[in-house]
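Before any comments, here is the structure.
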Amino acid sequence: MHYGNLKQLEEDLLAPSAALIADIQRIQGDIMFLGIGGKMGPSMATLAVRAIRAAGIEKKVIGVSRFSDKNVEQSLNILGIETIACDLLDQGQLQKLPQIPNIIYLAGHKFGTTGNENFTWAMNTFLPGMVASHFKASNIVAFSSGNVLPFVPVTDGGISEETTPEPIGEYAQSCLGRERIFEYFSKKNGTPTLIYRLNYAVDFRYGVLVEIAKAVKEQRPIDLTSQNVNVIWQGDANEIALRSLLHCTSPAKILNVTGPEILSTRWIAERFGEHFNITPTFVNQAAETALLNNASECHRLFGYPKTTIREAIDITAKWFLEGGDLWNKDTHFQERKGKF
């Protein structure tokens, strides 16, 4: 991949793959994103619009959010995404949403859970029930988190979908609640559903790679307690989410989504050190366990991610070195006690 200027780089990374363009033609009906205003929603909806245009078909892409920031709503409209302002927790507003055949459910609450647990449970378990009831005739791809799974020895190769969840802390527990509620309504109403268990998406503006790169650049020591991690480039995660609309089933299908490698945070830091001409420093001993996913079923369905880990590191380093903007949305991937 050739990396030109930042604007061209971002444009190239948002281009839909041939596989996505083919699948978007097979997805019947319009697509609605619930909770579009988060980290992944705008880029995922933009990717859907580009794939639809590349396929030469007619299909609406609709984004739903409170849109407290009107600039976000306007930027989505400019891209060709229809928007509906809605407080999803307000049952009256939710019930006014039009019936759309394909739903990508992105709503949720994580950071700020500690001290505000009741709101987290409302967002992550009560709201899914209302959404599943309202859109019972739709295909639903419901975003979840690898946090529902237990920490495992780093030598185990990660956890596949067959493993029983063991969430640590109230955020992770509420995420399992979200999964169970979507599973319940999928069975009850025959709603085709896919539970998209993501662990962790990275982009040049946020994510595990940005957090490590920032520490290296600022010459801060990197904590090696959680020395191993899974990541997937956000563009690949977006494609998988859209293509997953063709794999929704009743009972609900659970799908782990991440990259194929179990990565070392030390190794990632050393690669950024080479880009920045800085020798990284490290603290603490590595624990023998980590939160790691086995996403082999995802790779069976969709192939390996098209953006490799070395490309992701190169792209992120270029973004840093050329002064690209960053989002202050850390993953807290090193958290081991479930406190968010």
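Computed from heavy atoms alone, side chains included, the values below leave out hydrogens, waters and symmetry copies.
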Out of curiosity, [X] [atom1] to [Y] [atom2], how far, rounded to the nearest 0.5 Å?
| X | Y | atom1 | atom2 | answer |
| --- | --- | --- | --- | --- |
| Arg53 | Ile21 | CZ | CD1 | 13.0 Å |
| Asn147 | Leu291 | CG | CG | 5.5 Å |
| Phe320 | Leu209 | CZ | CG | 9.5 Å |
| Leu176 | Asn124 | CG | CG | 11.0 Å |
| Leu326 | Glu211 | CG | CD | 11.0 Å |
| Cys298 | Leu255 | SG | CG | 5.0 Å |

Is it the case that one hydrophobic cluster holds both [X] and [Y], taking links as side-chain heavy atoms less than 4.5 Å apart, direct or via other members?
| X | Y | answer |
| --- | --- | --- |
| Val208 | Phe204 | yes |
| Leu245 | Phe135 | no |
| Ile195 | Phe185 | no |
| Phe67 | Ile81 | yes |
| Val64 | Ile31 | no |

Closest approach of [X] to [Y] (non-hydrogen atoms, all atoms of both residues):
| X | Y | answer |
| --- | --- | --- |
| Val210 | Tyr206 | CG2-N, 3.5 Å |
| Lys60 | Asp30 | N-OD1, 2.8 Å |
| Thr307 | Ile315 | CG2-CD1, 4.4 Å |
| Pro221 | Val283 | CB-CG1, 3.6 Å |
| Gly108 | Met123 | N-CE, 3.8 Å |
| Leu321 | Lys217 | CD2-CE, 4.3 Å |

Regarding Thr120 and Glu170, is there a side-chain donor-to-acceptor distance under 3.5 Å anywhere?
no
Do Thr191 and Asn189 get their side chains close enough for a donor-acceptor pair, meaning under 3.5 Å?
no
Distance-only, no hydrogens or angles: does the [X] side chain make a donor-acceptor pair with backbone N or O of [Y] under 3.5 Å?
| X | Y | value |
| --- | --- | --- |
| Glu239 | Ser17 | yes |
| Glu58 | Ile52 | no |
| Ser144 | Arg197 | no |
| Tyr196 | Ala237 | yes |
| Asn293 | Ala295 | no |
| Ser174 | Tyr171 | yes |
| Glu274 | Phe272 | no |
| Ser250 | Ser186 | yes |
| Ser264 | Arg266 | yes |
| Asp236 | Lys306 | yes |

Hey, are the side chains of [X] and [Y] touching, using non-hydrogen atoms and a 4.5 Å cut-off?
| X | Y | result |
| --- | --- | --- |
| Thr265 | Phe282 | no |
| Ile181 | Arg178 | no |
| Arg271 | Ile309 | no |
| Leu301 | Lys253 | yes |
| Trp267 | Ile313 | yes |
| Pro167 | Glu179 | no |
| Ile27 | Ile24 | yes |
| Ile232 | Ile240 | yes |

Run the side-chain contact (heavy atoms from CB on, under 4.5 Å) check on Asn230 and Ile262 step by step: do they pass?
CA-CA 5 Å; Asn230 300 125; Ile262 292 175; 4.0 Å; yes
Go through the steps to decide whether Asp203 and Trp233 satisfy the test side-chain contact (heavy atoms from CB on, under 4.5 Å), and finish with yes or no.
CA-CA 6 Å; Asp203 185 70; Trp233 187 250; 4.3 Å; yes
Evaluate the criterion ring-ring contact (aromatic ring centres under 6.0 Å, His included) for residue pair Tyr105 and Phe182; output intermediate values, then yes/no.
CA-CA 11 Å; Tyr105 180 88; Phe182 274 116; 5.1 Å; yes
Is it the case that atom CD in Glu218 sees more than 12 heavy atoms from other parts of the structure closer than 6.0 Å?
yes
Could you check whether atom CZ of Phe276 has more than 12 heavy atoms from other residues, nucleotides or ligands sitting under 6.0 Å from it?
yes
Which residue is it: Asn199, Thr258, Asn256, Val154? I am looking for the one with a side chain to side chain contact (heavy atoms under 4.5 Å, CB included) to Leu292.
Val154
Test side-chain contact (heavy atoms from CB on, under 4.5 Å) on His275 and Asp314; report intermediate values, then the result.
CA-CA 8 Å; His275 280 284; Asp314 291 349; 2.9 Å; yes
On the 0 to 90° scale, with breaks at 30° and 60°, tag the His299-Tyr304 ring pair as parallel, tilted or perpendicular.
tilted
Parallel, tilted or perpendicular: ring planes of His109 versus Phe119, cut at 30 and 60 degrees
perpendicular
Given side-chain contact (heavy atoms from CB on, under 4.5 Å), test Thr281 with Gln219 step by step and report yes or no.
CA-CA 7 Å; Thr281 58; Gln219 300 189 44; over 6 Å; no
